[in-house]
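Every number for a ligand or one of its atoms is a count from 1 in the order of the listing.
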Amino acid sequence: MMMMEKSHYGGHRRWACSCSARLVFWSTILIAVFYLIFQSPPSTSSLHSNVKWSGQNWEKRVKNSAHPRSNSKSGNHLSVLVTGAAGFVGTHVSLALKNRGDGVVGLDNFNNYYDPSLKRARQKLLENSGVFVIEGDINDHELLKKLFDLVQFTHVMHLAAQAGVRYAMENPDSYVHSNIAGLVSIFEICKIANPQPAIVWASSSSVYGLNSGVPFSENDRTDQPASLYAATKKAGEEIAHTYNHIYGLSITGLRFFTVYGPWGRPDMAYFFFTKDILKGKSISIFEGPDHKSVARDFTYIDDIVKGCLGALDTAEKSTGSGGKKKKPAQLRVFNLGNTSPVPVTKLVSILEKLLKVKAKRNIQPLPRNGDVLFTHADVSYARKEFGYQPKTDLETGLKKFVHWYLDYYSHGTRKNSRKSSS
Ligand SMILES: O=C(O)[C@H]1O[C@H](OP(=O)(O)OP(=O)(O)OC[C@H]2O[C@@H](n3ccc(=O)[nH]c3=O)[C@H](O)[C@@H]2O)[C@H](O)[C@@H](O)[C@H]1O
């Protein structure tokens, strides 16, 4: 009996306990839900600005980095904001500008589209050369405002973008976010800056889409893009026209043709072919209908850098102020290619020779995922305007790439087991 009573009493207490525990549990959940619904979380930008983008030290670093050397080799004394500075082209262009004495501030969001540790390594390289790279997004208006309040940039080299033609089918939003919204965000801040900087930005050879007439000239049609990537770059060129027309921004678009070289992008074929050949993994080589070879006008990074600097140096000043245009401003688009397309099969043969490893070739029909059959640049306009003349053939350029690749990744595995990305 006693036992029963005890147990009854014990049972009641357990019931009461579990009841109040449940009450506490559900009220916590309820409070959390209310909090999530009715409290807007602090914006990431303000969070960041408190932590990373303020303080005298931060401002000093920005200003120092932006300041051109008085004995600048170019004699131009540019102060350039380079977006996408920890990217492949961004790193090389930033270094070249800094080395000749121009001021450079880098901006990069270090996203994980490909191995961010490669971007961090590039950042280290830049910081060793005196280029401060700010971690932030081109869509962060508050950060851009802060930067433009601190520095009177003479130029913006806008290279931040979502790259890759095939990835657009997996993640279309990121192309709209970076290549459309991000571009508008950059134009908006430049539009209200006083004085307005001149802008040079990365368009793409992919705007030529399904065109069949070669070589591709800037005057050719660009209304048949084969990928969303290409479509966002084409849209960017139209948006550039609008900002030039309404606000007097001086804008130059550069159509890059399959840029490769040391510190390159791991999502590009020459890069992951190298990785896979070394690992003994098979590589897919695309071919066109009737076994037609697919070819690209592969362009070495040093040639592209020269083109970027040429475009910056010949960019005229913007003509607007206070958000209003005073008179017509410069609007240009240039092809920056190598002018000699090479079949992808030949690219693979060169890699085999340099790596001394036979590739396991898996020939596949070109998937309908954004790729085009061939690209080929006519660069006569860039040659005329700023003496652009590509000098590096594919074999010479790949040799330099392979040298860097082996050095970078063998050091990585030995010293800090850095993984090569895919
Ligand atoms: O000029 C540009 O505007 C673009 O250049 C670059 O695009 P692409 O020219 O397509 O380079 P990339 O992917 O290296 O493929 C190279 C070749 O390998 C073939 N390819 C590719 C993958 C594969 O598995 N097999 C294969 O044969 C493939 O069919 C192609 O023929 C940039 O990535 C892009 O961001 C943009 O800047």
Measuring from Leu150:CG to Lys60:NZ, what's the distance to the nearest 0.5 Å? 14.0 Å
Return yes if a side-chain donor-acceptor contact under 3.5 Å exists between Tyr113 and Asp267, otherwise no. yes
I need the full list of salt bridge (charged side-chain N to carboxylate O under 4.0 Å, His left out) pairs touching residues 235-251, with sequence neighbours left out, sorted by first then second residue. Lys234-Glu238, Glu237-Arg255
Under the side chain to side chain donor-acceptor pair (under 3.5 Å) test, which residues partner Ser227, sequence neighbours left out? none
Kindly assign one of parallel, tilted or perpendicular to the pair Trp404 and Trp263, based on the angle between their ring planes and the thresholds 30° and 60°. tilted
Sorted by chain and number, sequence neighbours left out, ring-ring contact (aromatic ring centres under 6.0 Å, His included) with Tyr243 holds for Phe187, Tyr247
Please list, by chain and number, the protein residues whose heavy atoms come under 4.0 Å of ligand 1. Ala163, Gly164, Val165, Arg166, Ser204, Ser205, Ser206, Tyr229, Phe256, Phe257, Thr258, Arg265, Met268, Ala269, Phe272, Phe273, Ser284, Ile285, Phe286, Val294, Arg296, Val344, Leu366, Asp371
